[in-house]
Protein chains: 2
Amino acid sequence: MNISEVAERAGLPPKTIRHYEEIGLVRPLRAENGYRQFCDSDLHKLAFLGRARSLGFSLDDCRSLLELYEDHGRASADVKALAGHHLTEIDRKIEELIAMRRTLAHLVDCCAGDGRPDCPILDNLAAVPVLKP
Amino acid sequence: MNISEVAERAGLPPKTIRHYEEIGLVRPLRAENGYRQFCDSDLHKLAFLGRARSLGFSLDDCRSLLELYEDHGRASADVKALAGHHLTEIDRKIEELIAMRRTLAHLVDCCAGDGRPDCPILDNLAAVPVLKP
DNA sequence: CTTGACCTTCCTGTAACTAGAAACTTTACC
DNA sequence: GGTAAAGTTTCTAGTTACAGGAAGGTCAAG
């Protein structure tokens, strides 16, 4: 398979696949003309990566997951731990965004949104306490 | 004020403040020795920026907010629109994270997390449908 | 006078790509 | 067979919002 076919089938852009090769996540063979030649195993790896990325795993995590996937002597505890940490991190981000959302939604609600300059949003941003010297 | 004092009082690291100067968000004067000299207005701008950043606004948005803040003839509608777009974006991110969280939490729940290799998490990642040629 | 705390600029690195340029190969069509 | 389009390669640079660190100037205290 050439890169565009494997890209289509794995659901990833060719640019992304070249990037993954550059950082050693996949190692396709090369044809005589220099074109990358992907086998079924490469395709599955790429699909695996795409799926892991869609769950928000970093590429570093993806590398570890791929190693675990290919290590048939792995302990599922290792996978669970990695996924658990990621889950915790996702929860943290959600909390952070929800806090932002709460404040911001309130401010937007309070703003008249007309032609006048008075604006509770700007007032709030400007009302940050500044430490005295 | 020198940079470390304004940093302390605005609640931002000096590196961040230098960066903000570099991209033109603040324009402190310079003393004869080359040191940056911040006035109260600079301090308030920086605190404003810190607050806006903490609500997740991009630096580009911060620049616009700062311009609106300083434009006494502004229409609050413009501020509300900017904040509204940001709110929508935050909502989008929250939804995305919650979807990830749902899938991931389920998988982590299903995984025994022991010494055996069987792992529903990896199974799920590997079970991505691959398009046929 | 020296030491240590500040300050300066400049360069590099981060994450995960994306865009685009210049050059090669292959494929399709006439 | 010629040529033009499509596909491929490598390379560089840009994105976001800084952080880390090096080399060197400055200032206040003892």
Side-chain angles (χ1 to χ4, degrees), chain A residues 1-38 42 45-46 48-66 85-86 89-90 93 96-97 100 133, chain B residues 1-38 42 45-66 85-86 89-90 92-93 96-97 100 133:
Chain A
M1 277 176 282
N2 280 351
I3 199 167
S4 63
E5 185 184 341
V6 83
E8 164 109 4
R9 294 178 63 186
L12 293 172
K15 287 268 188 191
T16 298
I17 295 175
R18 292 195 189 97
H19 180 59
Y20 288 175
E21 185 194 20
E22 194 175 313
I23 63 176
L25 285 176
V26 282
R27 304 183 184 284
L29 298 175
R30 293 293 179 130
E32 288 191 355
N33 57 13
Y35 286 18
R36 291 171 180 83
Q37 284 300 326
F38 298 86
D42 292 326
K45 262 195 203 178
L46 288 168
F48 181 103
L49 288 169
R51 172 80 174 139
R53 289 288 297 137
S54 79
L55 289 179
F57 286 101
S58 70
L59 284 184
D60 254 17
D61 283 351
C62 287
R63 192 187 304 274
S64 304
L65 287 170
L66 214 43
H85 289 146
H86 181 45
E89 189 58 19
I90 287 179
K93 285 184 190 164
E96 189 181 340
L97 286 173
M100 285 179 187
Chain B
M1 277 174 282
N2 281 350
I3 199 167
S4 64
E5 184 184 343
V6 83
E8 164 110 4
R9 294 178 61 186
L12 293 172
K15 284 271 188 191
T16 298
I17 296 175
R18 292 195 189 96
H19 179 60
Y20 288 177
E21 185 194 19
E22 194 177 314
I23 62 175
L25 284 176
V26 282
R27 305 182 182 285
L29 298 174
R30 293 293 179 130
E32 288 192 355
N33 57 14
Y35 287 17
R36 291 172 182 82
Q37 284 301 325
F38 298 86
D42 291 327
K45 261 196 205 181
L46 287 167
F48 181 103
L49 288 169
R51 173 79 175 138
R53 289 287 298 138
S54 79
L55 290 179
F57 286 101
S58 70
L59 285 183
D60 253 18
D61 283 350
C62 287
R63 191 188 303 274
S64 305
L65 288 169
L66 214 43
H85 289 145
H86 181 45
E89 189 59 18
I90 286 179
R92 204 190 51 69
K93 285 184 189 162
E96 189 180 341
L97 285 172
M100 285 179 187

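The basis for the numbers below is simple: all heavy atoms, side chains too, and nothing from hydrogens, waters or symmetry mates.
One interatomic measurement links the two molecules: CG of B:Leu25 to P of D:dT16, which rounds to 13 Å at whole-angstrom precision. Between the CD1 atom of B:Ile17 and the P atom of C:dT8 there is a distance of 10 Å, rounded to whole Å. Nucleotide D:dG14 holds its C1' atom 16 Å from the CG atom of B:Leu59, rounded to whole Å. Note: CD (B:Glu22) to P (C:dC7) measures 18 Å, nearest angstrom. Rounded to an integer number of Å, the gap from CZ of A:Arg63 to P of C:dA16 is 10 Å. Distance CZ (A:Arg53) to P (C:dA15): 11 Å, rounded to an integer number of Å. What separates CG of A:Asp60 from P of C:dG13 is a distance of 17 Å, to the nearest Å. If you measure from atom CE of A:Met1 to atom P of D:dG7, you get 17 Å, rounded to the nearest angstrom.
Side-chain contact check for A:Asp42 and A:Gln37: no donor-acceptor pair (N or O, by modelled atom type) lies under 3.5 Å.
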Please write out each protein N/O paired with an N/O of nucleotides 20-22 of chain D under 3.5 Å, distance rounded to 0.1 Å.
from, atom 1, to, atom 2, distance (Å)
D:dG20, N7, B:Lys15, NZ, 2.9
D:dG20, O6, B:Lys15, NZ, 3.4
D:dG21, N7, B:Lys15, NZ, 3.4
D:dG21, O6, B:Lys15, NZ, 2.5

Any chance you could lay out the salt bridge (charged side-chain N to carboxylate O under 4.0 Å, His left out) test for A:Arg36 and A:Glu21, step after step, and finish with the verdict? CA-CA 10 Å; A:Arg36 291 171 180 83; A:Glu21 185 194 20; 2.5 Å; yes
Mind running salt bridge (charged side-chain N to carboxylate O under 4.0 Å, His left out) on A:Glu96 and B:Lys93 for me, showing each step along the way? CA-CA 11 Å; A:Glu96 189 181 340; B:Lys93 285 184 189 162; over 6 Å; no
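At least one donor-acceptor pair closer than 3.5 Å links the side chain of A:Asn33 to the backbone N or O of A:Tyr35. The closest donor-acceptor contact from the side chain of A:Arg18 to the backbone of A:Glu22 lies at 3.5 Å or more, if one exists at all. B:Arg51 places no side-chain N or O within 3.5 Å of a backbone atom of B:Leu55 that could act as its donor or acceptor partner. Checked by atom type and distance alone, the side chain of A:Arg63 never pairs as donor or acceptor with a backbone atom of A:Ser58 at under 3.5 Å. At distances below 3.5 Å, not a single donor-acceptor pair connects side-chain atoms of B:His86 with backbone N or O atoms of B:Asp61.
For the segment residues 29-37 of chain A, the set of residues with a heavy atom within less than 4.0 Å of an atom of DNA chain C comprises A:Asn33, A:Tyr35, in numerical order.
Looking at the side chain of A:Arg18, the nearest of the listed nucleotides D:dA17, D:dT9, C:dT9 is D:dT9. The side chain of A:Ile3 approaches D:dT9 more closely than any other nucleotide in the set D:dT9, D:dC18, C:dC7.
Under the rule for a side-chain contact (heavy atoms from CB on, under 4.5 Å), the partners of B:Ser64 that lie at least two apart in sequence or sit in another chain are B:Leu82.
Residue contacts for B:Tyr20: at a heavy-atom cut-off of 4.0 Å it reaches the sugar-phosphate backbone alone, with no base atom in range.
Taking side-chain N and O atoms only, B:Ser4 has no distance below 4.0 Å to OP1 or OP2 of C:dA5. Listed pair B:Thr16 / D:dA17 fails the phosphate criterion, with no side-chain N or O lying under 4.0 Å from OP1 or OP2.
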